[in-house]
Amino acid sequence: RRSQLRRLIILPQAFRIILPPLGNQYLNLAKNTSLGVAVAFPEVVAVGQTVFNQRGVSVQIILFWMAFYLMVSLTISSIVNYFNRRMQLVER
Amino acid sequence: MSITTEFDEPEAPPSTTLHPMRWVKDNLFSSWWNTTLTFVVAAGILGALVGVLSFVFAPERQWNAVVSNIRLYATFAYPEQDYWRVWMALGIVVVLTGLSVAAWAGRPQVAVSKLMRSGAAAGAVLLVLALLSPVSSGIRMIGLLVGLVLLVSAYLAWKAVPAGRMVPLLGTVAVLFASALAALWILPTLIDPMEIASTTTIPLTIEFALVIASYLFGVWLSLRVRLRRFQSSLVGLWLLSVPLIYLVILRAPSWEWDTIVSEDLPIWLAFTIGGAILLWVVTHPKRTTMGGATAVITVLAMIVVWTPLVATWPWLPLFKVRIPLLVLALWAIAAPSFGGSTESRRGMIVGWIGAASVMAFFLAAATSGSGLVIQTNFIGGLLLTLLLSVVGLLVAFPLGILLALGRTSTMPIFRVVSTAYIEVVRGVPLITILFFGALFLPLFLPGEIRIDPVIRALVAVSLFGAAYLAENVRGGLQSISKGQYEAAKAVGLNTVQMTLLIVLPQALRAVIPALVGQAIAIFKDTSLVFIIGLTEILAVAQKVVPGQPSFVGSQRENLLFVAFVYWMFTFTFSRASQRLERKLGVGER
C-alpha cells in the first residue's frame, strides 16, 4: 500500500519532467530507422535510392524523403506536445 | 576542591578514509539479498569477460588484417609519394597543440598516490587478463609476471612516498608517450615476425620532438607576451590552420600562374582597396546618411551577384567574387556597432585587409586543380573522419549559436526563419541531408565549379549539427534570468555587447554537457558518409580490408578495432569535457 502510494505520487511528477526528452527519443528512433540502408534493409531510404538509381529523378526522391520524415516527426512531436500540455503545472 | 590540570589524551577523530574491505562489506555483502545479488552479478561478469577474452585471443583470429592495414585505416587512399604532406599536416596540428597546452594549461599537478593507484589498477587488470585469457602458456607467464611486478612495485611506491607529494601532470604524460615511442622502436627487434617500417617510426619521433619543443617554446613565449593576446592569436592560428591543411597541404593545388595574374590579383586588389574605403565611410562616428547608403548598396550588390542572371556574364569569375562580396557585406552591416574611435576604425580596416588577403589565397587554392595523382576522394579513413567532425563542429557551433539567438529573438522575421530551419532539419534524418548535399549542391552552383564530395559531406554535416546545437544553446539561453538583461541595459551595453559579454558566456557554460554530448554524436555520425561514396574508417573496416584476398572473412576483427578507435576518441572527449566543467565550475552555485 505504501509502495502504491509512492507510485501514485512520484510517477506523475516524474512524467512532467521526462515527457519532452522522451518525445525526443521517440523522434530519434523514428529517424534512425533510416540507418537500415546500411545493412541492406529495404526501408524508405533504400527503396528511394533504388528508384533514383534506375530512373534518375533524384530531386523528387529527396523531396519525398524529406516530406515523409517531416510528416512522421511532426505527428510524433504534436502527440507528445499534447500530453505535455495536459501534464504541465498551472503556472501563475 | 582540586582542579585537575591533567587531562586524558584526546582520542583520535574517527578515520574518514574508507578502508576497501569495509567498503566491500558495507556495500556488497550487507544483507542476504545483496550478497546473493553480488554473487550472481559477479558470476555473470566473469562469464562475459571469459567469453570476450576467449574470442579476442583465439588462435584463428586474423589480427594480422588490422595490423598490416594500419595505413589504410589512417589515410585510406592518399598517394604514397606525397605522404610527406600528411606528416606536415600532423606537424602543424602538433605544434599548435604544444603551444595551446603552454597557453592554457597552467601547471597541472597530479598526486603521486593517484599515479601509484592507477599503476596498481593496471597491474591488477593485467593479472586478471593473463589468468583468464586462453593464450599460450609462455605469454601467460609473461603477462602474470608483468602484472605482479607492476602491482607490487606500485604498492611499495605508494607506501614509500609521503602523502601529499605531487608531480607535474604534463611531465608524466610526456614520459608515458616517450616510453610508448621507445617501445615502437624496440619491439620489432624483440618480437620476431613484427615489423614496423622506418617510414612510420622516424616521422612519429620527429612529431613527438616537435610537441615537446613547441610546448617549451610556448612556455617561454607566454612569459614574454600578454597571455590574452597569445591565447587569441592561437585561436586565430587554429582557425586558419583548418583551410590551410585541407586546401593547401593535403590537396596540393597546382598553381596556374596565368589565371592568378589575370583573375585573382585584380580581384584581391579591388576588394582590399574598395573594401577599406567602404569601411572607412561606413564607420564614421556620426553615422552619416552616406555611410548608411553605402552599406545598403553593398548588400544590394551582393544580392544581385548571387542571382542566376549574373551567372551569364562570361568575364566574371563568379565564385571568387561572390564570397568576398558576401563577407564584405556582412562586415559592413556589423561595422557601425564596433566603429567609433579612429583606433577601432583603423583596426577594422587592417582586419579587413588581412581577411580579404587570406580569403583570396584560399579561394585561389580551392579553385585550382589538384596536383595529386588522384583528383578527388584522396582523403579517407581516420583522416576523413577527423576532418569531417572537426570542420563540421567548427562551422556548426557559430551557426547554431546564431540560430538559437534568432529563434529567441523579438524580431519576427529572424524568429520565423530560424524556427523553420531548425524544425525542418531536426525532423529529417542525417542520411537524407547527406543525399541532399551530395545531389543538390552541384545544382546550386555555376557549372564549372567542381565541388569535392568531401565538401558536400562537410556542408551536410555542418547544417545538421547547427540545428541540433541550436536547440541545446536555446535551452541555455532560456535559463538566464531577466535581471541579467536589465542589468546589462542599465550599465549601457548595446545589444551586441550584451549578447557577447553577458548572455552567451552564461548560456554556454550552463549547457556544456549537452553541447559535448551533441559533439560526440556528430563525431560518430560522420560514419554515415559511406553512403555518398566516401571511404571513412568504418567503410575501410567493413568493405576494404575484408575485400583483400588474404584477409577474407575478417569483418569481426576489423569492426572490433574500429569500435575501439571510436571509443578511444569519445572517451577522451568526455573526460576533457569533465575537466572543463570542473574548471569552469558548472553545476556549483
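Residue numbers begin at 1 in each chain, while the letters A, B, ... track the order of the sequences.
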Most chain B-contacting option - heavy-atom pairs closer than 4.5 Å, from A/I76, A/L35, A/L27: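 Maximum pair count with chain B is reached by A/L35.
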Contact class of B/L528 relative to chain A, heavy atoms under 4.5 angstrom: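 Contact with chain A involves the side chain of B/L528 alone.
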Between chain B and chain A, identify every pair of one donor and one acceptor N or O atom lying under 3.5 Å apart.
{"unit_1": "B/R426", "atom_1": "O", "unit_2": "A/K31", "atom_2": "NZ", "d": "2.5"}
{"unit_1": "B/R426", "atom_1": "NH2", "unit_2": "A/N24", "atom_2": "OD1", "d": "3.1"}
{"unit_1": "B/G427", "atom_1": "O", "unit_2": "A/S73", "atom_2": "OG", "d": "2.8"}
{"unit_1": "B/Y468", "atom_1": "OH", "unit_2": "A/K31", "atom_2": "NZ", "d": "2.4"}

Contacting region of A/F52 [heavy-atom separation from chain B under 4.5 Å]: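 The answer is the side chain of A/F52.
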A/V72, part contacting chain B, at a heavy-atom distance under 4.5 Å: neither
Test item: A/I61 and B/F435 side chains (from C-beta on) under 4.5 Å apart, heavy atoms: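 A/I61 vs B/F435: side chains apart.
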